Amino acid sequence: MGVVKWSVGLVLAMVAFVGGPASAQQRPTAVLELFTSQGCSSCPPADRFIAEVADRPDVIALTLAVDYWDYLGWRDTLANPIHAKRQKAYAYMRGDRQIYTPQMIVNGVGHAIGSDRAAVERVMEQSRGQPGALSVPVSLRVAGDTITLVLPPSINGVSPENPATIFLFGVSSRQPVDITRGENRGQTMVYRNVVRSHANLGEWGGGPRTVTISRRELVAPDCEKLAIIVQTGSPRRPGVILGAAMIDLPGLAVH
C-alpha cells in the first residue's frame, strides 16, 4: 500500500470502574490505534495482530478504519472520515507527514507499521518515557443510560492555559466482514475493537472534574464497549495520551 499525506488525533486517560471500585481495571501500559482498510492488501496481518492483543488487560487496542483506499474497488464498510482526519493530525504533529496503512499509533506519540510486531513493541517501550504518558487515573461508571467520568487533579502540566481533551469512543468488540472485491477479495476478516462512534467531551484544565452524559445520545447502539481518552492538545493538534480505559457496556433496557 502506498503512503498518503494526512493525519488527526486524540487519545486516552483512565482507570475504570463499572458499578463500583470492586470492578476497577488496571491502568494500561499502552494505547494502540490501528489505522487500517479493508481495501489494503497489507492490512490483514496487522488486523490479526490487533485481534490477538484486543483482550490484553494492560493494552487498549482500537481499530480505526479509513476510507482513502475505497477507490481501489472495495468500499470499507467500517470506515469513518474522522479516522483519516485523526491520522492526518498525528502526522502533522510529528512533522513527518507519514500516513499509510496499516499504521499503528502508540500512546499518541509514536508510530510503526501495524504488522511489524517487534517495531510496535519498541515504540511502546519508547513512548512510556514520554512525560505524562498514561499517568492520569480516571474513574468511569456506567449505570443504565448514564455515564459518569471523574478526573482527579493533574500534576502533569495540564492547565486552563494548556488543556487536554476528553474523547469518548463507542467500540464494537467484533465485526466480521466478507470482502468480495478489491485487493482482499475472497477474504472474511473479523475486526476487533472497532471504533464506531465518537464524541468530544470538551477540555480538561487539570482540576478535579466530574462529567455526566447520556449513553443513548453519544454511543452508537451496536457498541458493546466504551473507551474514554484524555489526551494533551486538541483534535487538530493531538499530543501524548495521559491515560486510558475501555470497559464492557451492560445491556440497556428497551423502552
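Just so you know, these numbers come straight off a predicted model, no measurement behind them. Basis for what follows: all heavy atoms, side chains included, without hydrogens, waters or symmetry-related copies.
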Open item on the list: More than 12 heavy atoms of other residues, nucleotides or ligands under 6.0 Å from CZ of Arg128: yes or no?
Closed with: yes
Open item on the list: Please check: side-chain N/O of Arg237 versus main-chain N/O of Tyr92, any donor-acceptor pairing under 3.5 Å?
Closed with: no
Open item on the list: Measuring from atom CD1 of Ile82 to atom OG of Ser197, what distance do you get when rounded to the nearest 0.5 angstrom?
Closed with: 9.5 Å
Open item on the list: Check whether Glu224 reaches the backbone of Ser173 with its side chain - one donor and one acceptor, N or O, closer than 3.5 Å.
Closed with: yes
Open item on the list: Test your reading of the model: is there a side-chain donor-acceptor pair from His83 to the backbone of Val66, 3.5 Å cut-off?
Closed with: no
Task: Residue pair Val123 / Met104, side-chain heavy-atom distance below 4.5 Å - done: no
- [ ] Would you check if Tyr100 and Cys40 make a side-chain contact, meaning some heavy-atom pair closer than 4.5 Å?
- [x] no
TODO: Determine, step by step, whether Leu62 and Met246 satisfy the side-chain contact (heavy atoms from CB on, under 4.5 Å) criterion, reporting the C-alpha distance in whole Å, the side-chain angles of both residues, the deciding distance to 0.1 Å, and the verdict.
DONE: CA-CA 10 Å; Leu62 300 172; Met246 185 159 58; 3.8 Å; yes
Open item on the list: Closer than 3.5 angstrom, by distance alone: can the side chain of Thr29 be matched with the main-chain N or O of Asp58 as a donor-acceptor pair?
Closed with: yes
Open item on the list: Donor-acceptor check, side chain of Asp145 to backbone of Ser214, threshold 3.5 angstrom: yes or no?
Closed with: no
- [ ] Indicate the atoms forming the closest heavy-atom contact of Ser135 with Arg27, along with that distance.
- [x] O-NH1, 3.1 Å
- [ ] Start with the C-alpha gap between Trp74 and Arg185, add the side-chain angles, then the distance that decides, and say whether side-chain contact (heavy atoms from CB on, under 4.5 Å) holds.
- [x] CA-CA 8 Å; Trp74 174 257; Arg185 63 185 174 276; over 6 Å; no
TODO: Using the rule that two of Ile, Leu, Val, Met, Phe, Trp, Tyr join whenever any of their side-chain heavy atoms come within less than 4.5 Å, decide whether Leu168 and Val230 are in one cluster.
DONE: yes
Open item on the list: Quick one, Thr63 with Asn193, criterion side chain to side chain donor-acceptor pair (under 3.5 Å). Give me CA distance, side-chain angles, the key distance, then yes/no.
Closed with: CA-CA 6 Å; Thr63 294; Asn193 291 351; over 6 Å; no
Open item on the list: Please check: side-chain N/O of Thr212 versus main-chain N/O of Thr148, any donor-acceptor pairing under 3.5 Å?
Closed with: no
TODO: Take Gln175 and Asp222 through the side-chain contact (heavy atoms from CB on, under 4.5 Å) test and state the conclusion after the steps.
DONE: CA-CA 10 Å; Gln175 288 277 345; Asp222 62 342; 4.0 Å; yes
Task: Side-chain (Asp76) to main-chain (Asp67) donor-acceptor, under 3.5 angstrom - done: no
TODO: Please check if the side chain of Thr232 supplies one atom and the backbone of Val240 the other of a donor-acceptor pair under 3.5 Å.
DONE: yes
TODO: Would you mind reporting whether Ser154 and Trp204 have side-chain heavy atoms less than 4.5 Å apart?
DONE: yes
Task: Working for side-chain contact (heavy atoms from CB on, under 4.5 Å), residues Ile50 and Thr36 - done: CA-CA 11 Å; Ile50 278 286; Thr36 185; over 6 Å; no
- [ ] Examine distances only and state if a side-chain atom of Asn107 and a backbone atom of Leu134 form a donor-acceptor pair shorter than 3.5 Å.
- [x] no
Open item on the list: Just checking Arg48: does its CZ atom have more than 12 heavy atoms from other residues, nucleotides or ligands closer to it than 6.0 angstrom?
Closed with: yes
Open item on the list: Grouping I, L, V, M, F, W and Y whenever their side-chain heavy atoms are under 4.5 Å apart, do Val136 and Leu201 come out in a common cluster?
Closed with: yes
TODO: Output yes when a side-chain donor or acceptor of Asp47 lies under 3.5 Å from a complementary backbone atom of Val190, and no otherwise.
DONE: no
Task: Side chain proximity check, Phe49 to Ser115, heavy atoms < 4.5 angstrom - done: no
Open item on the list: I need the minimum non-hydrogen distance between Gln98 and Gln103, along with the two atoms involved.
Closed with: O-NE2, 3.1 Å
